[in-house]
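To keep things clear, I will list the structure first and then write my remarks on it.
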Amino acid sequence: MTALHEDALKEDALKEDALKEDTERLHYARAAIEHAYAQGWTDGLPVVPVTAEVVEEFLAATPRPRDEVVAAVPHLGRECTVEQAAVNAAMAGCRPEYLPVVLAAWDALMNQRVVTGGGWQSTSGPAPLIIVNGPIRAELSINSGGGVLGPGFRANATIARAVGLVVRNVFGIRPQELEQSTQGLPGRFTLCIGENEDESPWEPLATELGLAPGTDAVSALLLRTCEFIDNRHTSDPEQVLWDIADTVARTGAAIGRHSSAGLVLGVEHAQLLADGGFSKADVQRWISEHAFRTHTEMQLAGKSLAGQEGPGIDEHGLHVVPDPDQIPIVVAGARNAAMSMVVRPFGFGGWSRTAHPIRPATGGVST
């Protein structure tokens with residue numbers, strides 16, 4: 001046997017050993033995933049097995065102490081620490097550098113009265129909408145363009161999923177147990193978007209809410225659902241606004257005298273409105289004034305306003321979103337069709353209108 005032949009046999013043996021080791025690792029990973037299913041730790045999709053070393057990598061990405069409480073469900077007496085959030089972020093498939101965004105999302109959510117008041121257990125099954133502003137969108141590849149509300153982008157998917165896993169694993173709110181949703185919402189899996197600041201004609205949401213331009217920040221609110229508006233038929237901004245208002249004012253979204261709405265505007269609709277002289281505040285006011293249903297229309301839907309009082313009710317009918325400030329507007333998506341979304345914030349008290357800075361491991365606030 002020649003030396004060359006012996007080297008070839010050794011190389012083949014090494015390859016065989018490496019293949020065997022890889023196979024064993026895959027079998028171990030599969031067993032770990034199945035164990036997570038057996039323990040009830042998943043949202044129906046596989047989770048990533050997590051070791052203590054992995055958790056330390058995540059904790060190194062934030063200056064916040066591991067025992068700091070970042071989320072709570074007061075009526076259940078349950079809290080979530082930074083460390084527990086890190087474990088669930090790792091399970092969700094996040095990279096360590098996503099953790100500061102996850103924590104900022106919890107800061108934002110805990111400012112929503114419906115979140116601390118039992119919203120996770122509502123029969124509506126609401127889902128958190130997480131909106132990211134600032135340069136960090138590009139740094140972490142958070143999608144703000146085409147397919148922004150859909151799958152296919154790791155940061156968008158796993159940041160939101162990390163929130164959902166905390167609700168399940170730390171708070172113990174699971175479907176058909178403490179969760180009471182009648183049908184639920186697919187967005188409960190994941191609903192995180194970046195605002196398309198580069199193509200938006202207006203200031204970013206975080207800037208509108210008081211943070212300095214260029215600040216990395218998160219805003220969040222619970223949603224009941226999303227409803228699309230497809231209007232590529234006109235270049236008249238008021239006609240587009242009428243189409244949006246009609247969707248906002250549908251009777252199915254009204255609960256008694258209450259309703260809600262926000263807008264995720266596509267780039268084309270946003271720029272059409274801005275070119276027509278509408279600021280973001282103008283759009284909010286226009287929708288508030290024109291998203292209307294008469295007493296007769298409400299009665300036909302079995303939702304009579306008789307005997308009810310409220311800021312949106314007058315002798316003519318119901319203004320479904322009487323407070324313009326309670327219509328959040330962000331610009332997201334691609335410039336390939338004039339389409340937008342009406343979103344339905346959960347709760348009767350309105351959302352907090354706050355944006356929360358993302359705090360990276362280097363200390364301070366990311367700007």
Check ring pair (Phe, Tyr, Trp, His ring centres under 6.0 Å) between [X] and all other residues, then give those that pass, not counting sequence neighbours.
X      : value
His290 : Trp242, Trp286
Trp202 : none
Phe153 : none

Distance col, row Thr116:OG1 vs Leu109:CG, nearest 0.5 angstrom, shows 10.5 Å
Interatomic distance, CZ@Arg285 vs OG@Ser279, rounded to 0.5 Å, equals 5.5 Å
Would you please say whether a donor-acceptor pair under 3.5 Å links the side chains of [X] and [Y]?
X      : Y      : answer
Arg335 : Gln271 : yes
Thr296 : Thr294 : no
Ser260 : His258 : no
Thr81  : Glu83  : no
His75  : Gln121 : yes

Step by step, would you call Arg95 with Glu57 a salt bridge (Lys or Arg N to Asp or Glu O under 4.0 Å)? CA-CA 9 Å; Arg95 295 176 61 88; Glu57 287 182 38; over 6 Å; no
* To do: Take the angle between the ring planes of His35 and Trp41 and call it parallel below 30°, perpendicular above 60°, tilted in between.
  => perpendicular
Going by heavy atoms in the side chains, are [X] and [Y] under 4.5 Å from each other?
X      : Y      : value
Leu241 : Ile287 : yes
Val166 : Trp106 : yes
Glu268 : Arg232 : no
Ile193 : Asn143 : no
Thr207 : Leu211 : no

What pair of heavy atoms forms the shortest contact from [X] to [Y], and how long is it?
X      : Y      : value
Trp351 : Ala220 : CE3-O, 4.0 Å
Ala86  : Leu59  : CB-CD2, 4.0 Å
Ala332 : Val264 : CB-CG1, 3.9 Å

Side-chain polar contacts of residues 304-315 - donor-acceptor pairs under 3.5 angstrom, sequence neighbours left out - could you list them?
residue: Ser304; atom: OG; partner: Ala306; partner atom: N; Å: 3.1
residue: Gln308; atom: OE1; partner: Arg257; partner atom: N; Å: 3.4
residue: Gln308; atom: NE2; partner: Ser304; partner atom: O; Å: 3.1
residue: Asp314; atom: OD1; partner: His316; partner atom: N; Å: 2.8
residue: Asp314; atom: OD1; partner: Gly317; partner atom: N; Å: 3.0

Hits for salt bridge (charged side-chain N to carboxylate O under 4.0 Å, His left out) against Asp236, two or more places apart or cross-chain, chain-then-number order -> none
Those residues at least two apart in sequence (or on a different chain) that pass salt bridge (charged side-chain N to carboxylate O under 4.0 Å, His left out) with Arg137 are Glu197
Okay, side chain of Ser200, backbone of Asn196: is any donor-acceptor separation there less than 3.5 Å? no
